[in-house]
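Report on the structure given below.
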Amino acid sequence: MPEFIRKPLEGLLPLIPLSLDADEQIDLEGVRHSIGLVGASGAPGCIVFGSMGQMTNVSPGEFDAVCETAVAAGGEAGIAVVVGSTATYQQEAIRRARYAEAAGADGSMLAAPYALPLTPEWAADFFTAVAESLDGDMALMLYNYSPLNAVNISVKMWERLLEVPNIKAIKESNMALPHFDHVLLTIGERVNVFTGNDPAFFHGSRLGAVGATGIFCWAGMRTATRFIDECRKGNYADPWVRRAYESLQHLSASIRQPDMPLMLSYEYAYLKAISELGGARPGLPRKPYGPLPPFAAERVNAAAGALMEMEAEL
């Protein structure tokens with residue numbers, strides 16, 4: 001397992017929605033409120049500026065302000081804070097990562113630039129350049145999400161990336177089992193692997209994953225935190241663990257139905273709707289993106305019922 005200079009990246013890391021007011025201006029108190037909710041739940045950390053957290057929709061100044069607020073709020077809550085540094089071009093990604101490190105973030109999550117498709121060689125060069133630009137105190141968490149940039153971080157790419165000391169984690173959102181399992185079995189002892197969502201940890205933890213990025217957990221944060229912890233202990237046959245998995249998976253499956261809005265287009269809207277169930281105040285996504293249609297929001301709320309029921313029992 002990798003060694004961390006700052007707080008370790010492991011366990012449940014919920015995605016923090018970008019909070020906006022009615023005029024689409026950044027609501028820093030809303031960001032602070034969301035991180036406080038994560039801290040109160042017992043989850044060990046959070047991720048700011050993931051793809052669902054509107055990493056593409058902020059100016060440099062807004063990024064800096066949210067980063068500082070998130071690190072301060074995480075410090076008050078005693079949890080690890082990962083700040084996404086993904087950008088459309090390398091210079092801005094380096095600036096974001098260095099700013100997050102200087103601000104005191106425990107990690108920075110980084111996907112390859114997404115303006116045009118990259119080659120695997122360019123992507124490997126990019127990840128290495130960003131990592132080498134850092135002082136080394138902050139862990140770098142790669143983000144593998146090929147719909148964003150047409151790059152899949154393969155086992156072959158890891159032959160090179162494992163040589164970069166401060167690449168210590170990955171959010172693996174390619175859930176195709178031949179790829180996912182191969183990556184886990186290859187790098188799981190040297191890099192902390194996070195599943196792309198919470199219910200996927202039921203499978204991923206059996207092969208060495210140590211954490212999950214939380215999406216559906218917002219409907220039951222304490223429940224999801226306990227679920228991740230129990231899976232890490234190997235308690236897969238426990239009836240409570242099975243029930244939690246089924247509740248999380250039911251919510252996950254509800255948004256992937258053919259008549260539901262496409263996840264890739266409505267990422268911000270889905271995180272908005274689910275995080276509001278847990279008390280977050282995200283506001284509306286920045287235009288041109290919008291919220292879920294009413295029928296879809298109602299279906300998400302209904303599908304979250306089983307998880308919210310478990311939460312009420314704790």
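Atom CD of Glu3 sits in a sparse spot, with 12 or fewer heavy atoms from other residues, nucleotides or ligands closer than 6.0 Å. Sparse packing is recorded around CZ of Arg242, with 12 or fewer heavy atoms of other residues, nucleotides or ligands lying under 6.0 Å away. A 6.0 Å sphere centred on NE2 of His182 holds no more than 12 heavy atoms belonging to other residues, nucleotides or ligands.
Counting heavy atoms from C-beta outward, Lys168 and Leu9 have side chains that stay 4.5 Å or more apart. With a 4.5 Å cut-off on side-chain heavy atoms, Phe49 and Leu18 count as touching. Using a 4.5 Å cut-off on side-chain heavy atoms (C-beta onward), Asn144 and Phe180 make no contact. Looking only at side-chain heavy atoms (C-beta outward), Pro113 and Tyr89 stay at 4.5 Å or farther from each other. With a 4.5 Å cut-off on side-chain heavy atoms, Ser34 and Trp218 count as touching. In this structure, Met109 and Met55 have side chains that are not in contact, with every pair of non-hydrogen atoms separated by 4.5 Å or more. Counting only heavy atoms from C-beta outward, the side chains of Arg243 and Glu309 approach each other to under 4.5 Å. Considering only heavy atoms from C-beta on, Arg98 comes within 4.5 Å of Ser133 through its side chain.
Within the model, atoms CD of Glu10 and CG of Asp229 stand 9.5 Å from one another, a figure rounded to the nearest 0.5 Å. Atoms CD1 and CD1, on Ile35 and Ile47 in that order, are 11.5 Å from each other to the nearest 0.5 Å. Separation of atoms NZ (Lys272) and CG (Leu277) is listed at 10.5 Å; rounding is to 0.5 Å. Atom CZ in Arg222 sits 5.0 Å away from atom CG in Leu314 (nearest 0.5 Å). Rounding to the nearest 0.5 angstrom, the gap separating the CD atom in Glu172 from the OG1 atom in Thr213 is 10.5 Å. Interatomic distance, CD1 of Ile228 versus OG1 of Thr223, reported as 11.5 Å (0.5 Å rounding).
Closest approach of Cys217 to Leu248, counting heavy atoms only: N-CD2, 4.3 Å. Summarising the geometry of Pro291 relative to Pro285, their closest heavy-atom pair is N-CD, 4.2 Å, with the distance given to 0.1 Å. Nearest heavy atoms, Thr119 versus Val151: O-CG2, 4.3 Å. What you find for Ala219 and Leu307 is that their closest heavy atoms are CB-CD2, 3.8 Å. The minimum heavy-atom distance between Asp198 and Gly214, with the atom names listed, is OD2-CA, 3.3 Å. In terms of heavy-atom proximity, Leu148 sits nearest to Ala112 at CD2-O, 4.4 Å.
Salt-bridge check for Glu121 with Arg160: failed, with every basic side-chain N at 4.0 Å or more from each acidic carboxylate O. Looking at Arg95 and Glu92, a side-chain N of the basic residue comes within less than 4.0 Å of a carboxylate O on the acidic one, giving a salt bridge.
A side chain to side chain contact (heavy atoms under 4.5 Å, CB included) with Val58 holds for exactly one of Asp64, Ile26, Val66; it is Ile26.
Under the 3.5 Å distance criterion, the side-chain polar atoms of Gln54 are matched with a main-chain donor or acceptor of Arg286. At least one donor-acceptor pair under 3.5 Å links the side chain of Asp106 to the backbone N or O of Lys7. Looking only at distances, a side-chain donor or acceptor of Asp238 sits under 3.5 Å from a matching main-chain atom of Val241. Asp135 places no side-chain N or O within 3.5 Å of a backbone atom of Asp137 that could act as its donor or acceptor partner. For the pair Tyr236 (side chain) and Cys231 (backbone), a donor-acceptor distance under 3.5 Å is present. Checked by atom type and distance alone, the side chain of Gln90 never pairs as donor or acceptor with a backbone atom of Phe126 at under 3.5 Å. Using modelled atom types, one side-chain atom of Asn166 and one backbone atom of Ala131 make a donor-acceptor pair closer than 3.5 Å. A distance-only check finds no donor-acceptor pair linking the side chain of Glu276 to the backbone of Pro282 [under 3.5 Å].
Grouping the Ile, Leu, Val, Met, Phe, Trp and Tyr side chains by contacts below 4.5 angstrom, directly or via other members, places Phe295 with Val300. Leu271 is connected to Tyr143 through a chain of hydrophobic side-chain contacts under 4.5 Å among Ile, Leu, Val, Met, Phe, Trp and Tyr, so both are in one cluster. Taken together through direct or relayed side-chain contacts under 4.5 Å among Ile, Leu, Val, Met, Phe, Trp and Tyr, Ile187 and Leu142 form part of one hydrophobic cluster. Under a hydrophobic clustering in which Ile, Leu, Val, Met, Phe, Trp and Tyr are joined whenever their side-chain heavy atoms come within less than 4.5 Å, directly or via other members, Ile79 and Leu37 fall into the same cluster.
Judged by distance alone, the side chains of His203 and Asp181 do bring a donor and an acceptor atom under 3.5 Å apart.
Classification of the Phe227-Phe202 ring pair by plane angle, with boundaries at 30° and 60°, yields parallel.
Residue pairs satisfying the side-chain hydrogen bond (donor to acceptor under 3.5 Å, both in side chains) criterion with at least one member in residues 66-86, sequence neighbours excluded, are listed as follows: Arg32-Glu76, Glu68-Tyr99, Ser85-Ser108.
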Only distances under 3.5 Å count here; give the side-chain donor-acceptor pairs of residues 256-267 to other protein atoms, sequence neighbours excluded, each with its distance to 0.1 Å.
{"residue": "Arg256", "atom": "NE", "partner": "Ser252", "partner atom": "O", "Å": "3.4"}
{"residue": "Arg256", "atom": "NE", "partner": "Ser252", "partner atom": "OG", "Å": "3.2"}
{"residue": "Arg256", "atom": "NH2", "partner": "Ser252", "partner atom": "OG", "Å": "3.4"}
{"residue": "Gln257", "atom": "NE2", "partner": "Ala253", "partner atom": "O", "Å": "2.7"}
{"residue": "Asp259", "atom": "OD1", "partner": "Arg299", "partner atom": "NH1", "Å": "2.9"}
{"residue": "Asp259", "atom": "OD2", "partner": "Arg299", "partner atom": "NH1", "Å": "3.0"}
{"residue": "Asp259", "atom": "OD2", "partner": "Arg299", "partner atom": "NH2", "Å": "3.2"}
{"residue": "Glu267", "atom": "OE1", "partner": "Ser51", "partner atom": "OG", "Å": "3.1"}
{"residue": "Glu267", "atom": "OE2", "partner": "Tyr145", "partner atom": "OH", "Å": "2.7"}

> Between Val83 and Phe63, is a side-chain contact (heavy atoms from CB on, under 4.5 Å) present by the stated rule, with each step listed?
Replying inline: CA-CA 10 Å; Val83 178; Phe63 173 90; 3.7 Å; yes
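Both the sub-6.0 Å distance and the 45° axial angle are satisfied by Arg226 relative to the ring of Trp240.
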